[in-house]
Amino acid sequence: MAPEPSEPPEVAPAVRPWVLHVDLDQFIAAVEILRRPELAGLPVIVGGRGDPTERAVVSTASYEARAFGVHSGMPLKLAVRKCKEAVVLAVDAPAYDAASAEVMATLKAVPGAKVQVLGWDEAFVGIETDDPWAVARSIQAAVLKRTDLHCSVGVGDSTVRAKIATDFGKPRGVFELTRENWFEVMGDRPTTALWGVGSRIAARLAGHGIETVHDLAHADESVLVDEFGPAMGPHYRRLGRGIGTTTVDDTPWVARAHGRETTYQTNLVEPEEISGALTALSEQVVEDIRREERACMRVHLKVRFAPFFTTTRIRKLAEPTFDASVIAATAFDLLTGLGDDRPIRLLGVRAEMVPPEGGYDPPRTVGRGGPPAR
DNA sequence: TCTGGGGTCCTAGGACCC
DNA sequence: TCTGGGGTCCTAGGACCC
């Protein structure tokens, strides 16, 4: 039994490892507004080729456009219907690559920081400090000074908590989420508030009466194992408690695969145009894997038939290859094997590459965010 | 309303081997 | 005739994230 202290101890804050999650505010829209200052304050939507009559979705909307109910992932046609006065711009990936590189270089220049890049506009920063808020503020200032871009920072004692904290800080703010305030902040929120729980998982959890983060944290582990398996079941319960890795992994990211996919403005029907499309996609994929000098060992075909049915097929190749015609022929063969002659809206070809010497270690979860390796 | 394009990882079940 | 138990590899499919 701990004695009651007569007065609170005056202790200096200890130096501890912290995880900071840095997330740029409306990144893509912000980059566009930087080079077209006259757009500041206007509703800006970036998506597709900038033509709202085409099949495309919103990549990012400015805060002004979001006020109209426009958000990422929304069909462009619907977005402009909601916000008729919006300025619609084409996606310019090279511009965002360049801006992103500046931001990440700024983060890597923070003394003692380990940086794990998660995407164009976000990264974990691991740092040992007695004042994570001061570090967060200095990062915001440094990024703004170098790139004219604003960011929000989540401060946490795990990657999961830091990542989730950021949203509460947006825009341009800092928010801290730790073991101390986790349940106070998150306990009553729906499970979808967790990084890695989407609508499908949430629905399966709800089937067991698990609706909130608190419910998940205190759920019967055997129920979760039965529903989700021995790896994912316990993982979801840990997620509900905000428990995750406490270290930031700054080893360079190694891609497992490269793929290209295209949604056709008019559906494909003729075999010749289908095989032509697969050839074009395969050639693009080969450009990417040649750059990495890692051959294709498995071909993934993705097909979206009209009106809206998507399926994938995989085939391992007898020999690793850089030959686009082999990849295209394999994809065509997989497509033929489906025996489905409905018109095609989308085709995708992905090349899974030969792993580097010694395999993938450590396994990375970039772009997924969540489940533990192993 | 009508749904992009880039990724990663997990599970289940069948084939096959010892 | 009835049928083990362990392991690996492969494919199909699902789910999630930015």
Side-chain angles (χ1 to χ4, degrees), chain A residues 21 23-24 27-28 46-52 54-60 69-82 90-91 93 96-97 100 117-123 160 163-164 166 191-192 194-205 225-236 239 253-265 281 284-285 288 297-304 306-318 334 337-338 345-353 360 363-374:
Chain A
H21 178 255
D23 196 320
L24 279 290
F27 174 67
I28 289 175
V46 184
R49 293 186 285 193
D51 179 348
E54 289 193 347
R55 288 175 178 170
V57 296
V58 175
S59 287
T60 298
V70 177
H71 55 81
S72 335
M74 172 181 283
L76 212 47
K77 283 176 186 168
L78 174 60
V80 295
R81 217 164 295 155
K82 281 184 176 282
V91 173
Y96 317 140
D97 278 334
S100 176
V117 178
L118 298 181
W120 262 342
D121 64 341
E122 59 172 315
V160 174
K163 165 78 182 171
I164 294 171
T166 312
T191 52
T192 50
L194 297 166
W195 187 33
V197 178
S199 61
R200 303 305 186 101
I201 299 297
R204 286 167 71 182
L205 289 168
V225 168
D226 286 349
E227 178 66 37
F228 298 107
M232 298 308 286
H235 167 68
Y236 288 128
L239 209 53
W253 178 60
V254 179
R256 262 97 162 132
H258 286 295
R260 293 298 183 103
E261 61 184 76
T262 301
T263 297
Y264 301 96
Q265 291 301 319
L281 291 167
Q284 292 179 330
V285 166
D288 290 337
M297 56 179 285
R298 252 189 287 271
V299 175
H300 302 237
L301 169 76
K302 178 174 172 183
V303 197
R304 179 167 298 161
F308 213 80
F309 170 72
T310 308
T311 190
T312 59
R313 286 293 184 275
I314 307 174
R315 182 172 297 161
K316 190 181 195 313
L317 297 174
L334 286 166
L338 294 174
R345 292 179 60 99
L346 170 149
L347 282 176
V349 175
R350 177 169 299 278
E352 190 177 326
M353 295 179 287
Y360 296 106
R364 305 302 301 273
T365 55
V366 171
R368 177 144 200 277
R374 287 180 275 269

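Worth saying up front: this structure is predicted, and the values here are computed from it rather than measured. Letters A, B, ... are given to chains in the order of the sequence lines, protein chains preceding strands, and every chain is numbered from 1.
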Which part of the nucleic acid, if any, lies within contact of [X], taking any heavy atom under 4.0 Å across all strands shown: a base, the sugar-phosphate backbone alone, or nothing?
X: A:Gly48; answer: nothing
X: A:Leu24; answer: nothing
X: A:Ala79; answer: nothing
X: A:Val58; answer: nothing
X: A:Ser72; answer: nothing
X: A:Arg345; answer: sugar-phosphate
X: A:Gly348; answer: nothing

Heavy-atom check, side chain of [X] versus side chain of [Y], under 4.5 Å:
X: A:Met232; Y: A:Glu227; value: no
X: A:Lys316; Y: A:Met297; value: yes
X: A:Ile164; Y: A:Leu194; value: yes
X: A:Phe228; Y: A:Arg204; value: yes

Phosphate contact ([N] OP1 or OP2) by [X] side-chain N/O below 4.0 Å:
X: A:Arg304; N: B:dG4; answer: yes
X: A:Trp120; N: B:dG6; answer: no
X: A:Arg350; N: B:dG7; answer: yes
X: A:Arg256; N: B:dT8; answer: no
X: A:Thr311; N: C:dG13; answer: yes
X: A:Thr312; N: C:dG13; answer: no
X: A:Arg81; N: B:dC2; answer: yes

Give the nucleotide from the list C:dA12, C:dC18, B:dT11 with an atom nearest to the side chain of A:Ile314. C:dA12
Selected nucleotide, minimal atom distance to A:Ser199 side chain, candidates B:dT1, C:dT11, C:dC16: C:dC16
Return whichever of A:Gly233 or A:Met74 has its heavy-atom-nearest nucleotide of DNA chain B closer to the 5' end. A:Met74
Per nearest nucleotide of DNA chain B, the residue lying toward the 5' end, A:Gln284 or A:Phe228, is A:Gln284
Mind checking the P distance from C:dC17 to B:dT3? Whole angstroms is fine. 23 Å
What distance do A:Leu346 atom CG and A:Arg304 atom CZ have between them, rounded to the nearest 0.5 Å? 5.0 Å
Between [atom2] of [N] and [atom1] of [X], the distance in whole Å:
X: A:Tyr236; N: C:dA15; atom1: OH; atom2: C1'; answer: 7 Å
X: A:Leu239; N: C:dC16; atom1: CG; atom2: P; answer: 12 Å
X: A:Leu281; N: B:dG4; atom1: CG; atom2: C1'; answer: 14 Å

Now, which nucleotide makes the Watson-Crick or G-U wobble pair with C:dG6, with each of the two distances under 3.5 Å? B:dC17
Looking at A:Arg313, A:Glu352, A:Arg315, which hits side-chain hydrogen bond (donor to acceptor under 3.5 Å, both in side chains) with A:His300? A:Glu352
